[in-house]
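Encoded as structure tokens, the structure appears first; notes follow it.
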Amino acid sequence: MEVNLFYGIIFFMERYEPLKIEQKWQKKWEEEEAFKATEVAGQPKMMLAEMFPYPSGAGLHVGHVRNFTIVDVLTRFYRQQGVNVMRPFGYDTFGLPAENYAIKTGTAPQEVTKTNIDNFRKQAKSLGYAIDWSREINTSDPEYYKWTQWCFLQLFKKGLAYQKESYQWWCPVDQTVLANEQVENGCCWRCGHEVEKKKMKQWFFKITEYADELLDEIDNLEWPEKIKTMQKNWIGRSVGAEIDFKIHNSRSIRVFTTRPDTILGATFLVVAPEYTDLEYIISDGAKEAVLAYKAEALKKSEIERQENKEKTGVFTGSYAVNPATKEKIPIYVADYVLAGYGTGAIMAVPAYDERDREFAEKFNLPIIEAGLIDRDLYGAPKVTYRMRDWLISRQRYWGCPIPIAYDKEGNPHAIPEDQLPVVLPEIKDYKPDKSGRSALAKAKDWLKVQISVKDSKTGKTHMEEMTRETDTLDGYACSSWYLWRYASPRDTKNAWDKEAINYWEPLDYYCGGDHAVAHLLYIRFWCKFFADEGYLPFREPIKRLLYNGYINAPDGKKMSKSKGNVIDPLDVINDGYGADTLRTYEMFIGPYDMDAAWDTRSVGGVYRFLNRCYNLEPKKDSSDDAIVMRHKTIKKVTEDIHRYNFNTAVAALMEYVNELYKVGALKEDLVALSKLLKPFAPHLASEMLEKLNSDDEWPKWDEKYLVADVVELVVQVNGKLRAKIEVNADDLEDEEKILEMVKSDDKVKKYTEKGIKKTIFIKKNHLVNIVV
RNA sequence: GCCCGAGUGGCGGAAUUGGUAUACGCGUUCGACUUAAAAUCGAAUGGAAACUUCCAUAUGGGUUCAAGUCCCAUCUCGGGCACCA
């Protein structure tokens, strides 16, 4: 303990010991359930959430801390302003990592998940987040996924969950199909292996039903432009027409085109190798060549198709008639036409389309510069989307069971709602196999289920034994409604309570650094569906989205175990810096939405700053400068947090503390500082406020302190800074007087000897520019 | 290839509406305290000059009294999409 002599009084200066302070306050907050949120009529409310984490065995990483701290700063900021804030927390637990771990070690995913959640919760608590822990949810909890299944059934009832046999992305390593959104550069998003195409009967959600609304409402969202553009591109609306090209009397090929006005130049047709009616088009002589080409195309991986953009294709031996020119034009099969887009067939207009021209040149097909005609002359108007329906079945064990059973004829039936949840059975062997079915297919007892069926003739119901669906749901289905579960997380009668939803939601702030397209599109889709069904009173679930950047390793590269450059946030805390330093550092590291590189030495700088806050001592008097500084800082920090400029808010607090060390701090300064600091460093600030015997109500600034009596007049000559003159603020109203003062200044005179051409006076910047 | 972002000291970054470029932090240097070191505190810190100037916001032009900020072109980096008819 250090002894300080000061104004004749002896102060005992305590060392800032973050770990001691933090434990004290975390315990207090836990005991008091300090952040429990309840609906209070008449009080302004706010709900904030981060994208809930997947609790991996590695625990919290610095990216989580950045993400969660942004939410926490806003949570505490608004709480301190008297807003009724709800900040829940949950875990996205179904998925491959836990299952793969189970396969490797024999430990049940249920068990792994429980361990990981316990660890995650402990770590999140050690960071002092203002979380309402009574609202904790976990997607693999039967109490939760019962309602995921209920959601599925609502979609099923309305025909928006349906089965379709088609070519799908298949990951040969993870042995499951994947959604379009889960294939990155032709590779599986989880294991990175090249995906293949496989023809399978699969479950889909009909997201395309809402394509127009999903696209049109993007512009009204307070979301980053980057994300909005990505979603627009992903949906990819094209306005055009469908036109039939006759082959012979009984059959024609329907094509989609955005340029029906170029039909005069359509000199051939092209269909995709996977084109459904391909067999009816091929002439007998071409059969062998076409089928060989198709087999070759299906074998090619997406990467191979992309790498070699040289056009390939084969003539089908058949012709169709161009309805505009009445010319007989050849039909080709080529893999540059995609089966899943439009009709899977195009009219090729080599004169106007670069890809068609390449193909025409290679196969010596005519290129006709015909004129353009009216867009509406042929075919019917048609809108097509790049976005496909969302493939939701997965041939894996560790997911939410699809609540469907099949009768003897193989027709799907909904599991009745009173039989939910369909509990995922505990089995020993989780391993998927080549059968295309999940490990659940091996749970013989579980597979059989009695379903009541209404006889269509007699109208009577009877029980019938059926076989359960063995596919599980894509994890993204579980996270497509969790924000609404937060409103009434223990509700046993409903997925969410309407009144609670009405009070808390839509979500005011959502923060995350991933899932720009998939999750953020799916949750908007479900919101619109449940709004249509009368379960939600809004059509967009998220008002504001904050998309935070990544934190990279000190070398600027992505942190990864294999590179050995991972910074563990718990190490930073336990090294003695504490959670407050970690939180404040991650807010100070740079603009929240930009990637940043970790700098261990800068962490020390933030720690020094907090130390200086803690050791500031109150004086009896202070200068006017300090009062001005206090009000300036209150304004700056308040406005910066409103703008999410957390880094400059911290910088402003640092400036304030530097100034207080120079001119002395009044008790009012320490109170203001502690309150402003609390969102960033809540433990330290709480400790300081307790010592000062103060509440934490957010301070207000008074503009009157920010209006200076004397201002520095900036004088430029030809745009270059030449002098600074102190003038009374009142004089700024008198331009003539100001110009006289400027012209008579000795320093300025030196530059204006040749004569003044022009003067410009900008009052708001107290600046004069003299042109000579 | 197409569509978005971004480029500022040795480093991370400020500059919010076109108006004083480099706030704040790190690092470095010097000083105080100490037998010494650490910690802490204080001072300096864009580059050239050398006592009042010049040059600096990726590069080259332009608009303007005034440009990091606006316009045009080029280069580099990051992200997204990628044969979507």
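Basis for what follows: all heavy atoms, side chains included, without hydrogens, waters or symmetry-related copies. So that the names make sense, note that chain A is the first sequence line, chain B the second, and so on, each numbered from 1.
For Phe359(A) and Tyr332(A), the distance between ring centers is under 6.0 angstrom. Checked against the 6.0 Å centroid threshold, Tyr607(A) and Tyr16(A) count as a close aromatic pair. Centroid-to-centroid, the aromatic rings of Trp390(A) and Phe204(A) stay 6.0 Å apart or farther.
With its glycosidic angle within 90° of 0, G9(B) adopts the syn conformation.
Ranking A14(B), C65(B), U16(B) by closeness to the Asn769(A) side chain, first place goes to C65(B). Closest to the side chain of Glu655(A), out of A85(B), C24(B), U20(B), is C24(B). Between U16(B), C24(B), C41(B), one nucleotide has an atom nearer to the side chain of Lys636(A) than all others, and that is U16(B). Ranking C55(B), U20(B), G19(B) by closeness to the Leu721(A) side chain, first place goes to U20(B). Of the candidates C83(B), G27(B), G13(B), the closest approach to any side-chain atom of Asn647(A) belongs to G13(B). Listed candidates were C65(B), C41(B), C81(B). Nearest to the side chain of Trp234(A) is C81(B).
With a 6.0 Å radius and a threshold of 12 heavy atoms from other residues, nucleotides or ligands, Lys747(A) has its NZ atom at or below the threshold. Residue Lys557(A) places its NZ atom among 12 or fewer non-hydrogen atoms of other residues, nucleotides or ligands, all under 6.0 Å distant. Lys743(A) NZ: more than 12 foreign heavy atoms inside a 6.0 Å radius.
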List, one per line, each side-chain donor-acceptor pair under 3.5 Å for residues 594-601 of chain A, sequence neighbours excluded.
from	atom 1	to	atom 2	distance (Å)
Asp595(A)	OD1	Tyr550(A)	N	2.8
Trp598(A)	NE1	Thr600(A)	OG1	3.4
Asp599(A)	OD1	Arg601(A)	N	3.2
Asp599(A)	OD2	Ser602(A)	OG	2.9

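Atom CD1 in Ile762(A) sits about 12 Å away from atom C1' in U17(B), given to the nearest Å. In this structure, the NZ atom of Lys232(A) is 23 Å from the P atom of G79(B), given to the nearest Å. Note: CG (Asn615(A)) to C1' (A39(B)) measures 12 Å, nearest angstrom. Look at OH on Tyr547(A): it is 10 Å from C1' on G80(B), rounded to the nearest Å. Rounded to an integer number of Å, the gap from CD of Glu17(A) to C1' of A39(B) is 14 Å. When the C1' atom of A23(B) is taken as reference, atom CZ of Phe609(A) falls 14 Å away, rounded to whole Å.
Phosphate contact (OP1/OP2 of A85(B), side-chain N/O of Tyr341(A), threshold under 4.0 Å): present. Of the side-chain N and O atoms in Lys662(A), none sit less than 4.0 angstrom from OP1 or OP2 of C41(B). For Arg608(A) and G27(B), the shortest distance from a side-chain N or O to OP1 or OP2 is below 4.0 Å. For Ser602(A), no side-chain nitrogen or oxygen approaches OP1 or OP2 of G27(B) to under 4.0 Å. Between Arg386(A) and the phosphate of A82(B), there is a side-chain N or O to OP1/OP2 separation shorter than 4.0 Å. Note on Lys758(A): a side-chain N or O is less than 4.0 Å away from OP1 or OP2 of C65(B). Here Arg722(A) does not reach the OP1 or OP2 of U20(B): none of its side-chain N or O atoms lies under 4.0 Å away.
Backbone-only engagement by Lys750(A) is indicated by non-hydrogen atom pairs under 4.0 Å involving sugar-phosphate atoms exclusively. Looking at heavy-atom distances under 4.0 Å, Gly605(A) makes contact with sugar-phosphate atoms alone, never a base. Within the nucleic acid shown, Asn765(A) comes within 4.0 Å of at least one base atom, counting heavy atoms only. Among the atoms of the strands shown, none is found under 4.0 Å from any heavy atom of Asn645(A). Note on Glu354(A): nothing from the nucleic acid sits closer than 4.0 angstrom, heavy atoms only. Base engagement by Val714(A) is indicated by at least one non-hydrogen atom pair under 4.0 Å involving a base atom. Backbone-only contact: Tyr751(A) has heavy atoms under 4.0 Å from sugar-phosphate atoms and none from a base.
Contacts of Trp223(A) classified as ring pair (Phe, Tyr, Trp, His ring centres under 6.0 Å), with partners at least two apart in sequence or in another chain: none. In this view, Tyr167(A) satisfies the ring pair (Phe, Tyr, Trp, His ring centres under 6.0 Å) rule with no residue, not counting sequence neighbours.
Looking at RNA chain B, the stems built from 3 or more consecutive Watson-Crick or G-U wobble pairs, each pair with its key distances under 3.5 Å, are B:1-7 with B:75-81, B:10-12 with B:24-26, B:27-32 with B:40-45, B:46-48 with B:53-55, B:58-62 with B:70-74.
For the pair Asn552(A) (side chain) and Met559(A) (backbone), a donor-acceptor distance under 3.5 Å is absent.
You won't find any donor-acceptor pair under 3.5 Å spanning the side chain of Lys764(A) and the base of U17(B), going by distance alone. A donor-acceptor contact under 3.5 angstrom links the side-chain atoms of Lys311(A) to the base of C83(B).
In this structure, a donor-acceptor pair under 3.5 Å is present between the side chains of Tyr476(A) and His515(A). Side-chain contact of Ser166(A) with Gln168(A): a donor-acceptor pair under 3.5 Å is present, judged by distance alone. Side-chain contact annotation: Asn233(A) with Arg386(A), donor-acceptor N/O pair under 3.5 Å absent.
Residue Val715(A) forms a side-chain contact (heavy atoms from CB on, under 4.5 Å) with just one option from Asn769(A), Leu721(A), Val748(A), Asp745(A), and that option is Val748(A).
Place Ala596(A) and Gly719(A) on RNA chain B by their nearest nucleotides, and Ala596(A) ends up nearer the 5' end. Where Gly344(A) and Lys558(A) each meet RNA chain B at their nearest nucleotide, the meeting point lying more 5' is that of Lys558(A).
At a non-hydrogen distance threshold of 4.0 Å, nothing from residues 377-385 of chain A comes into contact with RNA chain B. Near-neighbour residues of RNA chain B inside residues 583-594 of chain A, defined by a heavy atom below 4.0 Å, number-ordered: Phe588(A), Ile589(A), Pro591(A).
Look at the P atom in both C70(B) and A14(B): the space between them is 16 Å, to the nearest Å.
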